[in-house]
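Heads up: the structure comes next, in structure tokens.
So you know, we letter chains A, B, ... as the sequences are listed, proteins then strands, and number each from 1.
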Protein chains: 2
Amino acid sequence: MAAMKHPEASEFRLEKVLHALSDGVRLGIVRQLAAEGEASCGALDGGRPKSSVSHHFRVLREAGLVRTTTFGVTHMNSLRRAELDARFPGLLAAVLAAEGQG
Amino acid sequence: MAAMKHPEASEFRLEKVLHALSDGVRLGIVRQLAAEGEASCGALDGGRPKSSVSHHFRVLREAGLVRTTTFGVTHMNSLRRAELDARFPGLLAAVLAAEGQG
DNA sequence: GCCTTAGTTCCATCAATCTCGAACTATTGG
DNA sequence: CCAATAGTTCGAGATTGATGGAACTAAGGC
């Protein structure tokens, strides 16, 4: 089951969100999730070892950016766009709009 | 003179900007600058030692968030709002709008 | 039951970052 | 020229964060 720890929207902290997004690997993951809607961890690993990818997903989860649900043996991840936008209006949109510019 | 190194708007990097904003001290500085227009380093030190404050201003400068100009013996800092908004539309506004929520 | 798959957790290592004191630099004032 | 002011730069210590290997866990398939 999806017994992973996800913060509630009221617990989101701006600094944590910004820190989660300030890493290239995680930013890439967030962009791909934004483009594809949802994906498994493995689909976004970019050739990195599992433990690294898992670490990054954890940071994203704990910041409130990503929700992970267990689906059989794979873990599906998706952006918590609505909740994020309710708490920090326009923030994620601005980050995603900066796409391609580094 | 203001011989400090400031990146041009075309050199701004999203990750660097987000990292600069992901620290509580710097976020506080940015918010105060947004509220007051401009201020000297010392006016925003919050009781911290000079070297710490100077470090944070350097991070902000190098990310492109702040422009520092020397004015006699004091250094005046201001947000590079227009340039930032041109490069990352809505980003700074979203961060500042999240004010008071942590 | 046993093996595979998909991740997580644990651990160690290494690189960045934050903090702060001390020394240095530039500008103004006496 | 000497002192004071406002920051910067340097250097050390402590914390945080990234990376990746190895062992562990949960769910399905044979």
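C:dA15 atom C1' lies 13 Å from atom CG of A:D23, rounded to whole Å. Look at CE on A:M76: it is 14 Å from C1' on C:dG7, rounded to the nearest Å. If you measure from atom NE2 of B:H19 to atom C1' of C:dA16, you get 8 Å, rounded to the nearest angstrom. The distance between atom CG of A:D45 and atom C1' of C:dA6, rounded to the nearest whole Å, is 11 Å.
Scanning for side-chain hydrogen bond (donor to acceptor under 3.5 Å, both in side chains) contacts around B:E36 gives B:Q32, with sequence neighbours left out. Legend: residues meeting salt bridge (charged side-chain N to carboxylate O under 4.0 Å, His left out) with B:R48, ordered by chain and number and at least two apart, are absent.
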Polar atom pairs between nucleotides 20-23 of chain D and protein, under 3.5 Å, N or O only, would you list them?
unit_1: D:dG20; atom_1: N7; unit_2: A:S51; atom_2: OG; d: 2.9
unit_1: D:dG21; atom_1: N7; unit_2: A:S51; atom_2: OG; d: 3.2
unit_1: D:dG21; atom_1: O6; unit_2: A:S51; atom_2: OG; d: 3.1

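For the pair A:T70 and D:dA27, the criterion of a side-chain N or O lying under 4.0 Å from OP1 or OP2 is not met.
Rounded to 10°, the helix from C:dG1-D:dC30 to C:dG30-D:dC1 has 10° between the axis fitted to its first five pairs and the one fitted to its last five.
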Can you give each donor-acceptor pair under 3.5 Å made by side-chain atoms of residues 49-66 of chain A, sequence neighbours left out, with the distance rounded to 0.1 Å?
unit_1: A:H56; atom_1: ND1; unit_2: A:R26; atom_2: NH1; d: 3.1
unit_1: A:R61; atom_1: NH1; unit_2: A:T68; atom_2: OG1; d: 3.1

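Follow the hydrophobic side-chain contacts under 4.5 Å out from A:M76 and you never reach A:M4; the two are in separate clusters.
A heavy-atom distance below 4.5 Å is not found between the side chains of A:V17 and A:L92. The side-chain heavy atoms of A:L84 and A:L91, taken from C-beta on, include no pair separated by under 4.5 Å.
At a non-hydrogen distance threshold of 4.0 Å, B:H55, B:H56 from residues 53-62 of chain B come into contact with DNA chain C.
Checking D:dT5, D:dG7, C:dA6 against the side-chain heavy atoms of B:V73 singles out D:dT5 as nearest.
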